[in-house]
2 protein chains.
Amino acid sequence: MTPAGRRILDAAGGLFYREGINAVGVALVSDTAGVTKKTLYDRFGSKDELVVHYLRRRHENWWAHLDERLAAAAAPRTLALMDAYLSHPELDVARGCAFINAAAELPPGHAGWRVIREHKEAVRARLAELIAEDAPGADAGDLAEHVFLLLEGAIAHRGIDGGDARVHKAHDLVARLLREAAPR
Amino acid sequence: MTPAGRRILDAAGGLFYREGINAVGVALVSDTAGVTKKTLYDRFGSKDELVVHYLRRRHENWWAHLDERLAAAAAPRTLALMDAYLSHPELDVARGCAFINAAAELPPGHAGWRVIREHKEAVRARLAELIAEDAPGADAGDLAEHVFLLLEGAIAHRGIDGGDARVHKAHDLVARLLREAAPR
DNA sequence: CCTGAGGTATACCGATCGGTATACATTCCA
DNA sequence: TGGAATGTATACCGATCGGTATACCTCAGG
């Protein structure tokens with residue numbers, strides 16, 4: 001990735017997330033990156049491709065943050081995953097989940113859909129692993145789906161409520177579920 | 001509301017929901033409604049106003065459907081609310097929740113935000129009433145928030161998964177929560 | 001009777017959309 | 001040393017955006 005390419009992705013990352021994908025034109029992205037539109041098209045070919053790169057990078061950054069937090073966390077690490085959503089520096093409390101937002105904007109068949117689905121499935125799978133670790137006796141798949149739904153509901157409402165209250169609430173509910181599933 | 005106004009709202013309802021608000025121009029709405037752009041602007045003044053009317057009507061239609069289903073339902077009616085999401089004729093399995101989608105597209109300060117927040121709060125409040133009815137002993141507020149998060153997570157993922165599986169899963173989880181909260 | 005509300009039809013506005021073309025620098029490496 | 005590769009700067013393309021203007025039709029009610 002060339003330096004200009006990186007600056008374009010930086011600009012696109014902020015703008016697509018904060019303003020919405022359809023509301024941001026390629027000219028605004030290139031201007032914000034301090035780059036010509038030609039450079040943007042030389043690197044990414046089309047806006048649709050740029051959107052796919054934006055989503056991929058968003059997932060990679062989030063995943064790196066999650067790994068870092070999990071490595072430093074004590075049990076139960078399921079709760080550390082919930083906390084990672086609160087500490088993720090790219091998450092704007094007024095905009096919620098970038099992937100849910102993108103799903104609301106992208107037309108059917110857009111290549112970004114695959115990135116969105118893979119991201120959500122990766123989170124769900126990681127959750128199942130952590131739950132198997134925190135509540136060895138329980139039905140990890142069932143509990144993982146339960147926790148995943150709580151998490152997604154809370155994250156989706158971050159943008160609507162404009163606050164973290166529901167994420168904290170989900171955190172507490174998950175803590176209780178874990179206690180019930182694996183009483184020490 | 002004049003006949004042309006109603007047809008405009010019908011067209012806008014389908015288009016804004018299925019294609020997204022920013023992806024649909026006023027000309028497409030008026031053409032689909034079989035109406036002139038002038039008529040659209042005479043009735044609604046601006047696209048932003050039309051969007052607010054769209055969201056309000058969406059809420060009213062959903063609420064009427066919910067009331068109808070609840071009136072015909074046996075206990076536990078909390079589950080009837082979950083079922084209403086599956087039977088709502090305006091819900092497209094590939095597009096999820098119209099309000100969550102709109103929240104992803106509307107700029108901050110848009111008048112539609114108020115409609116979105118009021119809609120979600122109305123659902124949460126109705127849920128609390130039903131839970132108080134289904135599980136009289138339990139902490140209705142706490143359980144309502146739990147169920148609400150499960151519901152929102154499932155609805156938000158309807159559009160992403162392209163299916164009802166998570167809504168059914170949430171339904172089953174809620175059924176179990178109710179059983180635990182009010183053992184007969 | 002005639003006025004005003006609700007319409008249609010059509011043309012237009014400036015701005016912005018995604019995307020392309022042309023011409024000219026810089027830098028690095030074979 | 002001499003091309004690719006990576007850039008900048010600028011102008012342009014047709015299409016569409018939200019919104020307005022003008023002219024005319026129809027029909028119900030005081």
Can you tell me how far [atom2] of [N] sits from [atom1] of [X], to the nearest Å?
X      : N       : atom1 : atom2 : result
E49(B) : dG19(D) : CD    : P     : 10 Å
L50(B) : dC17(D) : CG    : C1'   : 15 Å
R6(B)  : dG6(C)  : CZ    : C1'   : 13 Å
L28(A) : dC17(D) : CG    : P     : 19 Å
D42(A) : dT22(C) : CG    : P     : 14 Å
R7(B)  : dG6(C)  : CZ    : P     : 15 Å
F44(B) : dT20(D) : CZ    : C1'   : 18 Å

Any side-chain donor near an acceptor of the partner, H59(B) and H119(B), under 3.5 Å: yes

Is the backbone N or O of [Y] less than 3.5 Å from a side-chain atom of [X], with the two atoms forming a donor-acceptor pair by type?
X       : Y      : answer
D92(B)  : R18(B) : no
T2(A)   : G5(A)  : yes
E105(A) : I21(A) : yes
D134(A) : R77(A) : yes

Nucleic acid contacts of residues 10-27 of chain A, taken as heavy-atom distances under 4.0 Å to DNA chain C: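 DNA chain C contact set from residues 10-27 of chain A: V24(A), G25(A), V26(A).
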
Pair D142(B) + K169(A): basic N to acidic O under 4.0 Å: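 Salt bridge: yes.
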
R57(A)/E60(A) salt bridge by N-O under 4.0 Å criterion: no

Upstream residue (5' side of DNA chain D) when T2(A) and G45(B) are each assigned their closest nucleotide: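 Here T2(A) is the residue nearer the 5' end.
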
Closest nucleotide among dG19(D), dG7(D), dG7(C) to the R43(B) side chain: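 The nucleotide sitting nearest to the side chain is dG7(C).
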
Cluster link I8(B) to L28(B), ILVMFWY, side chain under 4.5 Å: yes

Strand-adjacent residues in residues 33-41 of chain B, judged by heavy atoms under 4.0 Å from DNA chain D: K37(B), K38(B), Y41(B)

Cation-pi, Y17(A) ring and R58(A) (6.0 angstrom, 45 degrees): yes

